[in-house]
Amino acid sequence: MATKPNHVYTINFTVKAGDGTVMDSTDGNEPFSYIAGTSSVLPKLEEEVGNMLISTKKSLILAPEDAYGAYVDEAVQVAKPENFPADADLKPGMEFIATGPEGEQMPFHILKVEDEGVTIDFNHPLAGETLTFDVELLDVRPATEEEMSHGHVHGAGGHQH
Ligand code: ZN
């Protein structure tokens with residue numbers, strides 16, 4: 001068994017951080033669908049789900065390097081408050097996007113707000129976390145031509161348009 005490119009995978013999942021906190025879940029929502037090979041989900045998750053049989057469940061443990069990367073201390077920096085919009089009510093946990101030297105989008109979140117500076121963190125909020133994915137594979141089907149040209153799934157669990 002291997003992941004079939006250009007196929008729509010439909011799953012139920014619950015993802016937990018290292019301390020057991022539920023970070024995201026389809027529980028109580030529509031199942032989640034993605035097209036394999038379009039970088040819609042973590043590559044390791046896609047690979048593991050590709051080895052599952054329909055109607056089976058599996059608990060997958062993803063080390064940080066297979067999830068959102070190691071936590072990099074250097075990615076924590078202090079910015080001047082005046083670098084933020086004047087009307088922004090800065091609080092820990094707020095997310096912003098900075099533009100890098102080459103125009104790249106660099107998301108970050110605020111850790112601490114003090115008069116002398118705002119401590120910001122460019123690490124992904126789940127960096128350094130070992131994640132547990134409880135996955136149930138519901139369906140695998142070929143993506144339609146329209147879905148392939150849009151790059152996303154239509155209908156249940158996908159875009160409704
Ligand atoms: Zn579409």
Side-chain angles (χ1 to χ4, degrees), residues 3 5 8-50 58-136 143 147-161:
T3 306
V8 174
Y9 284 72
T10 300
I11 60 173
N12 277 323
F13 74 93
T14 296
V15 56
K16 294 187 206 120
D19 64 359
T21 309
V22 173
M23 307 307 296
D24 198 7
S25 179
T26 53
D27 209 10
N29 295 304
E30 292 264 311
F32 175 72
S33 294
Y34 62 91
I35 305 175
T38 58
S39 304
S40 305
V41 296
L42 293 169
K44 186 71 178 172
L45 178 65
E46 183 170 307
E47 181 191 325
E48 295 279 355
V49 172
K58 201 164 165 182
S59 201
L60 310 169
I61 306 206
L62 266 58
E65 56 267 28
D66 290 325
Y68 294 99
Y71 191 87
V72 181
D73 289 334
E74 290 73 30
V76 176
Q77 297 172 14
V78 178
K80 294 198 175 101
E82 51 267 36
N83 289 340
F84 293 87
D87 59 350
D89 182 17
L90 301 177
K91 287 195 177 70
M94 284 175 78
E95 296 177 5
F96 291 88
I97 295 177
T99 304
E102 280 156 35
E104 70 273 33
Q105 304 265 284
M106 301 174 65
F108 66 88
H109 57 278
I110 293 180
L111 291 180
K112 205 162 54 171
V113 182
E114 293 164 314
D115 290 342
E116 54 275 23
V118 181
T119 307
I120 62 174
D121 187 353
F122 285 95
N123 285 295
H124 187 281
L126 289 173
E129 293 277 357
T130 295
L131 302 178
T132 303
F133 280 86
D134 292 320
V135 182
E136 178 182 16
E147 286 172 326
M148 289 308 297
S149 71
H150 287 206
H152 57 231
V153 178
H154 291 162
H159 285 240
Q160 317 281 346
H161 70 120

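We're numbering straight along the sequence, starting at 1.
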Identified side-chain contact (heavy atoms from CB on, under 4.5 Å) partner of L131 from the options L126, L45, D24: L126
Ignoring hydrogens and geometry, is there a side-chain-to-backbone donor-acceptor pair from E46 to G37 under 3.5 Å? yes
So NZ of K80 and CD of E116: to nearest 0.5 Å the spacing works out to 13.0 Å
Please find the pair of heavy atoms, one from I35 and one from A143, that lie closest to each other, and give the distance. CG2-CB, 4.3 Å
For H152 and H154, take the angle between the two ring planes, folded into 0 to 90°, and tell me which bin it lands in: parallel under 30, tilted 30 to 60, perpendicular over 60. tilted
At their closest point, which heavy atom of E102 faces which heavy atom of E104, and how far apart are they? N-OE1, 2.8 Å
Just wondering, do F122 and V72 contact through their side chains at under 4.5 Å, heavy atoms? no
Closest non-hydrogen atom pair, G50 against T3: CA-OG1, 3.4 Å
With a 4.5 Å cut-off on side-chain heavy atoms, are V41 and F32 touching? yes
Near D27 CG, under 6.0 Å, is it more than 12 heavy atoms from other residues, nucleotides or ligands? no
Using side chain to side chain contact (heavy atoms under 4.5 Å, CB included), reason through Y34 and I11 one step at a time and then give a plain yes or no. CA-CA 9 Å; Y34 62 91; I11 60 173; 4.2 Å; yes
Considering residues, nucleotides and ligands other than D19, do more than 12 of their heavy atoms fall under 6.0 Å from its CG? yes
To the nearest 0.5 Å, what is the distance between OG1 (T10) and CD (E30)? 10.0 Å
Rounded to the nearest 0.5 Å, how far does CD1 of I120 lie from CZ of F84? 5.5 Å
State, to 0.1 Å, how close Y9 and A36 come at their nearest heavy-atom pair, and which atoms those are. CE1-CB, 3.7 Å
Do V49 and F133 pass the side chain to side chain contact (heavy atoms under 4.5 Å, CB included) test, and can you show the C-alpha distance, the side-chain angles, and the key distance before you say yes or no? CA-CA 10 Å; V49 172; F133 280 86; over 6 Å; no
Distance-only polar pair, side chains of N12 and T26, donor-acceptor under 3.5 Å: yes
Distance check, rounded to the nearest 0.5 Å: K112 atom NZ versus I110 atom CD1? 13.0 Å
Looking at side-chain heavy atoms only, is the closest gap between F13 and L60 below 4.5 Å? no
Heavy-atom pair of closest approach, residues P81 and V118: CA-CG2, 4.1 Å
Evaluate the side-chain proximity of K16 to D134: yes if any heavy-atom separation is below 4.5 Å, no if none is. yes
Identify the two heavy atoms, one from V78 and one from G117, that lie closest to each other, and give their separation to 0.1 Å. CG1-CA, 3.8 Å
Euclidean distance, L111 CG relative to D121 CG, rounded to 0.5 Å: 4.5 Å
Is E129 close to M23 at the side-chain level, that is, under 4.5 Å between some pair of heavy atoms? no
Is the closest side-chain heavy-atom distance between P64 and T130 below 4.5 Å? yes
Determine whether D66 and L42 make a side-chain contact, defined as any pair of heavy atoms from C-beta on separated by less than 4.5 Å. no
Check: K58 and E48 side chains under 4.5 Å, non-hydrogen atoms: yes
Which distance, rounded to the nearest 0.5 Å, do you find between the CE of M106 and the CD1 of I97? 11.5 Å
